[in-house]
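One structure is given here, and the rest of the page talks about it.
These numbers come from the heavy atoms of this one structure, side chains and all, not from hydrogens, waters or symmetry mates.
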2 protein chains.
Amino acid sequence: MATTGGAGRPEKRRAITRAATTVFGREGYVRAGMDAIAAEAGVSKRTVYNHFADKETLFLSVALQSSAELTGRIRALTAEHLDRVTDLRQGLTDFAVERARAVLSAGETGERGAKAHGDHGDHEDYEDHGDHEDYEDHGALDRAIRAEVANIPADVLEAWQEAGPIARRRELARCFEALADRGLLVAEDAALAAERFTLLTFHGIAERSFWGALPVADAEVRRIAAVGVDAFLRIHGTPRPASGG
Amino acid sequence: MATTGGAGRPEKRRAITRAATTVFGREGYVRAGMDAIAAEAGVSKRTVYNHFADKETLFLSVALQSSAELTGRIRALTAEHLDRVTDLRQGLTDFAVERARAVLSAGETGERGAKAHGDHGDHEDYEDHGDHEDYEDHGALDRAIRAEVANIPADVLEAWQEAGPIARRRELARCFEALADRGLLVAEDAALAAERFTLLTFHGIAERSFWGALPVADAEVRRIAAVGVDAFLRIHGTPRPASGG
DNA sequence: GTCTATACAGGGATAGAC
DNA sequence: GTCTATCCCTGTATAGAC
């Protein structure tokens, strides 16, 4: 396996992966230090090396995990907004907005950009944070992986893609196929339609915010989502029987 | 200015910027070493520090320069393929293909991805490479900047965006405005049309190749360009008077 | 017996001295 | 153009604490 062994308390392990997600996401792979990760996790550096063989193993491990979690999060969003949709335009727009928020988290949640945390002082027991379950840092870690793509072993990169972007494309395509079956979309090739939807509603803001590295105004997210859905429906929407006005 | 002063031969300076572009593009900002840049330039490290105050200054300097050059390159492509276009679909497709090639250079030109250069041995005199004029590394440096966005001073980042992505969007919008004036496109908002064109014909491959970090097959570039132009023209194309068959 | 804390070896980086 | 001072980082080793 990727990990060193089954040693130690699993709570420590979770604290380490959580801290690694945060620090790698904030600093990137090269700049991140194992000392900082250990400190953020509230454990000794030795404990980190007890669970993960080295820095690269730790990074790739959390990368894969985070990628899968983000995919799950987006899957939940499609289920929520599109599975039983009635107002298609509204459902698509809501989904686009929520997905952009999930991936480009920098806007509201994480206070990235303020480099100076100061002395992060004395919150000793971090591990009972684990309640919230989702770290809110998936987007940042995604960015770190993209920055390191050229230095990631081919097989691991493939696994990351399969658990992340590829799975998301496939699942959205399935969703759009269902919408087409219900007569709500016109799409011979559901995968192509899904790809176009993502391009038109997501990549514009992703590009402008550098995949979440810079904060993105919520109004801008909504604007781009609405305009993107508009373009999408002009290609793949069903011709309205009569436009009410 | 960003540079230390006007010291030294300008030829040396060009060799340094060229080497820095190559090395930063290949390794990224953090991993790249000043030793490697000096070696690649065929000058002493002292000479490098003679022209540029420090590593960051050098990086930001070549980043700005490369961004402007890439913008110029793309400007030339629009002039070549779109200014006097007759077959619009063909012109748009050719432009899309050429632009993708220019930005995502990894496909044919640079042999990135094969990590093991082995011992790069004994080609001593590198500098007479400089004949070709264009480095073919703009895309790689673009990627390095995107990876470091969070660590770039706000004003420099703004200048980089203005010389790069923003200028490119503006220029393509002007080009599309002219096409709309000629009656070849239907676009109230030329900027929006240009944005959509870029999304539909470029961002798909950019995403899949991680902005050129992984090689991209030429056939794939062409396929995505054609499909993207097709979608674009369904939104912004003029309704054909009669489709010939 | 696992975790903490600290200190240390080895390598490499920047930047400057000669 | 070489040589070196200084710092930082990874990964390990050496202590002691629960």
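For dG11(D), its base sits under 3.5 Å from the side chain of Lys45(A) at one donor and acceptor pair at least.
Heavy-atom distances to DNA chain D give each of Arg46(A) and Arg46(B) a nearest nucleotide, and the one nearer the 5′ end belongs to Arg46(B). Each of Met34(A) and Ser44(B) has a nearest nucleotide on DNA chain D; the 5'-most of these lies closest to Ser44(B).
Of the charged side-chain nitrogens involved, at least one lies within less than 4.0 Å of a carboxylate oxygen, so that Arg223(A) and Glu220(A) count as a salt-bridged pair.
Here dA13(C) presents its P atom at 9 Å from NZ of Lys55(B), a figure rounded to the nearest Å. Rounded to an integer number of Å, the gap from CZ of Phe52(B) to P of dT14(C) is 15 Å. Between Glu27(B) atom CD and dA13(C) atom P the separation is 10 Å, expressed in whole Å. Here dC9(D) presents its C1' atom at 14 Å from CZ of Arg31(A), a figure rounded to the nearest Å. The separation between His51(A) atom NE2 and dT2(C) atom P is 11 Å, rounded to whole Å. Atom NZ of Lys12(A) and atom P of dC18(D) are 13 Å apart (whole Å).
A heavy-atom distance below 4.5 Å is found between the side chains of Arg99(B) and Thr198(B).
Among the heavy atoms of the strands, none lies under 4.0 Å from Ala36(B). Residue Ala38(A) is out of contact with every strand shown, counting any heavy-atom pair closer than 4.0 Å.
Closest to the Asp35(A) side chain, of the nucleotides dA13(C), dT10(D), dG11(D), is dT10(D).
With no hydrogens or angles considered, no side-chain donor-acceptor pair links Thr47(B) and Asn50(B) at under 3.5 Å.
The shortest distance between the side-chain N/O atoms of Thr47(A) and the OP1/OP2 oxygens of dT4(C) is below 4.0 Å. Side-chain nitrogen and oxygen atoms of Asn50(A) include none within less than 4.0 Å of the OP1 or OP2 phosphate oxygen of dT2(C).
Taking the six-membered ring where tryptophan is involved, the planes of Phe202(B) and Trp211(B) are perpendicular, since the angle between them exceeds 60° and thus also 30°.
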